Amino acid sequence: MTLRLYNTLTRRKDALEELPGFDPNNVRMYVCGPTVYDYAHIGNARPVIVFDVLYRLLKHLYEKDGGKVTYVRNITDIDDKINARAAETAAAKGIPVEQARAEITAATAQQYMDDVAALGCLPPDETPRATEYVGQMIAMIERLVAAGNAYVAEGHVLFDVSSKSDYGKLARRSLDEMMAGARVEVAPYKKNPMDFVLWKPSDATTPGWPSPWGRGRPGWHIECSAMGEALLGETFDIHGGGIDLMFPHHENEIAQSESVHHGHPLARIWMHNGFLQVEGEKMAKSLGNFITIRDLLKDWPGEVLRFNMLRTHYRQPIDWTEQSLQESERILARWRNRLLSAPAYDGCKVDMDEAFCAHLSDDLNTPAAISRLHELFNAGHWADTTAKANEQIGSFGFGNVPGVTGFIDESDVLVNKAKAVAALALIGIDPLVEREPPVAMEEIDAQVAARNAARKAKDFKEADRIRDELLAKGIVLKDGPAGTTWEVKR
RNA sequence: GGCCACGUGGCGGAGUGGUUACGCAACGGUCUGCAAAACCGUGUACUCCGGUUCAAUUCCGGACGUGGCCUCCA
């Protein structure tokens, strides 16, 4: 299975294994994580889910033969938005700004990790925080200054973009173009308008760290360069993030890291996920459609949110709508019912479905992979449409024998079921996860028994009353050929 | 103003130089006390205008539209 990923650097799908220096025994991925100052919104969830799927796929492809996949997702806990909140909190509570900063970032980081876990994402191998790497950042800045790629001016240290001849190669923009269209307010101490800050001074009310250039704090871009180097080395395989980070953040990471590493590439493949809109509109606090993951989790299971995200290819824009969420939930519920009604599955060993894996390996084509899941679930519908045959077979599902009449071979049922479960696991979805019923099991069983007694006595009024009563409590009854079953309504 | 992406059936959403994506919804049917679920079957598409080609939804150019980046941003 050849893994091909769209590479922003080359603007085409590159085969990871064909890139120079790739080591299948040591696959490394870095993804830009959150700035922790507020609840994460659903747009923030997109890269987390997308790259979690990639992480799982990489593990599937490379860890089976003893290889190692390392996934790093940082937490940005040094930032001027954080500082602004810290200053407010410090003033309100009468505590030092450093303490306020630490409290805000610790609490927000914990919220974030809880949210992301609820979305079914595996924890990365490393979750470095910027504050833990200030020393490495300072060291890297010193190296940049020593190499002539950076200069000190009025307490700031700035990266000199003119020192990097291919600056702009990721965003495919030339310095001339950028300066022509620049709307940046140019600080007077900059040699070049596009020069960006590596280190800036902090005043007494702003968090800061001692440095050769005085007490100050790092610029935004340097943390990813420093942490990437510390945890993954000079060159790693995949660097991911939202498309908005392509410029300037990722461009600047490349400039810093490659300058320090004598031109060695920072990442072999650069990946960028598309943006998300809400009900056709850009998500913005001013529009009142700013949805946090936390709020969504109050109304929807994490699996539904995750599945909904994966129904659109990661590079496409996605319109996040209520209708789409309902559709996602319906599909998962259907699959769940099929899995539950299929014969007992006890670890039937199957290889990963090749078609499914091939779709994922083609630049993470999750919509096509999901379409393959539908095929697995629908495969080989019996040709016999008579009621009798349906009654006999209907509850099994998962046939794999086109044109068959009568019973489906149970082994095929098991194979498709096992394949479907394994494929779903590869994208991080467990459709069999039980939801806590809002009514005690004993009560449900008793009510079902009472209703069936009423049905037997042809007292359908009483039977319907019981069914409505349970429905009002959130339990849906279904009378199948094998008896009455129930599920949790949403 | 500069740069970039996208425009597929009622809706969502893949893909392809010539052959059914897929799903949801809808419609018809089977089953059912009724319902739900399940199952069978059916229909509708590639923004517009040029060009290349035997053939374009698919390649090229233009128009219109939507979104993004250029400033913090997933």
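Predicted model, so just to flag it, every value in this text is computed and none were measured. In the text below, chain A, chain B and the rest are named by the order of the sequence lines, each starting its count at 1.
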Using the test side-chain hydrogen bond (donor to acceptor under 3.5 Å, both in side chains), find all partners of A/Arg467 that sit at least two apart in sequence or belong to another chain.
-> A/Asp464
How is A/Leu477 classified with respect to the nucleic acid when contacts are heavy atoms under 4.0 Å: base, sugar-phosphate, or nothing?
-> base
Please determine, by modelled atom types, if A/Tyr71 and A/Asp52 share a side-chain donor-acceptor pair under 3.5 angstrom.
-> no
What is the nucleic acid contact for A/Lys282, judged by heavy atoms within less than 4.0 Å: base, sugar-phosphate only, or nothing?
-> sugar-phosphate
Do A/Asn83 and A/Thr206 meet the criterion of a side-chain donor-acceptor pair at a distance under 3.5 Å?
-> no
Polar side chain donor-acceptor pair, A/Arg455 to A/Asn452, under 3.5 angstrom = yes
Salt-bridge contact A/Arg465-A/Glu462 (side-chain N to carboxylate O under 4.0 Å) | yes
Contact class for A/Phe247 (heavy atom, under 4.0 Å): base, sugar-phosphate, or nothing?
-> sugar-phosphate
Which one, B/C22, B/C69, B/A35, comes nearest to the side chain of A/Ser371?
-> B/C22
Determine the contact category for A/Thr312: base if any of its heavy atoms lies under 4.0 Å from a base atom, sugar-phosphate if only primed atoms, P, OP1 or OP2 are that close, otherwise nothing.
-> sugar-phosphate
Heavy atoms under 4.0 Å, any strand shown: does A/Arg451 hit a base, just sugar-phosphate, or nothing?
-> base
Is there a donor on the side chain of A/Asp80 or the base of B/C72 sitting less than 3.5 Å from an acceptor on the other?
-> no
Closest nucleotide among B/G33, B/G13, B/A25 to the A/Pro367 side chain | B/G13
Would you tell me if any nitrogen or oxygen in the side chain of A/Arg311 comes within less than 4.0 Å of OP1 or OP2 on B/A14?
-> no
For B/A5, does OP1 or OP2 lie under 4.0 Å from any side-chain N or O of A/Arg315?
-> no
Aromatic ring of A/Phe275 stacked on base six-ring of B/A74, 5.5 Å, 30° | yes
With a 4.5 Å heavy-atom cut-off, do A/Pro367 and A/Gln316 have their side chains touching?
-> no
Ignoring hydrogens and angles, are the base of B/C70 and the side chain of A/Arg173 linked by a donor-acceptor pair under 3.5 Å?
-> no
Donor/acceptor link under 3.5 angstrom from A/Glu327 side chain onto base of B/G23 | yes
Would you say the base of B/A36 and the side-chain of A/Arg467 have a donor-acceptor pair closer than 3.5 Å?
-> no
For A/His313, answer base if it contacts any base atom (sugar-phosphate contacts may also be present), sugar-phosphate if it contacts only those atoms, and nothing otherwise; contact means non-hydrogen atoms under 4.0 Å.
-> sugar-phosphate
To the side chain of A/Val476, which of B/G23, B/A36, B/C70 is closest?
-> B/A36
Scan side-chain atoms only and decide if A/Asn365 and A/Arg4 contain a donor-acceptor pair under the 3.5 Å cut-off.
-> no
Secondary-structure stems, RNA chain B, at least 3 Watson-Crick or G-U base pairs under 3.5 Å | B:1-7 with B:64-70, B:10-12 with B:22-24, B:26-30 with B:38-42, B:47-51 with B:59-63
Does a donor on one side chain and an acceptor on the other come within less than 3.5 Å for A/Gln111 and A/Asp115?
-> no
Sugar-phosphate, base or nothing in reach of A/Lys81, heavy atoms under 4.0 Å = sugar-phosphate
Side chains of A/Asp362 and A/His359, donor plus acceptor under 3.5 Å | no
Quick one: the side chain of A/Asp464 and the base of B/G33, do they pair up donor-acceptor inside 3.5 Å?
-> yes
Looking for any heavy atom pair under 4.0 Å, which part of the strands does A/Leu276 touch: base, sugar-phosphate only, or nothing?
-> base
Could you tell me whether A/Gln323 contacts a base, only the sugar-phosphate backbone, or nothing, with contacts defined as non-hydrogen atoms closer than 4.0 Å?
-> sugar-phosphate
Please produce a list of atom pairs where a protein N or O lies less than 3.5 Å from an N or O of nucleotides 42-47 of chain B.
none

For A/Gly43, which contact category applies under a 4.0 Å heavy-atom criterion: base, sugar-phosphate, or nothing?
-> base
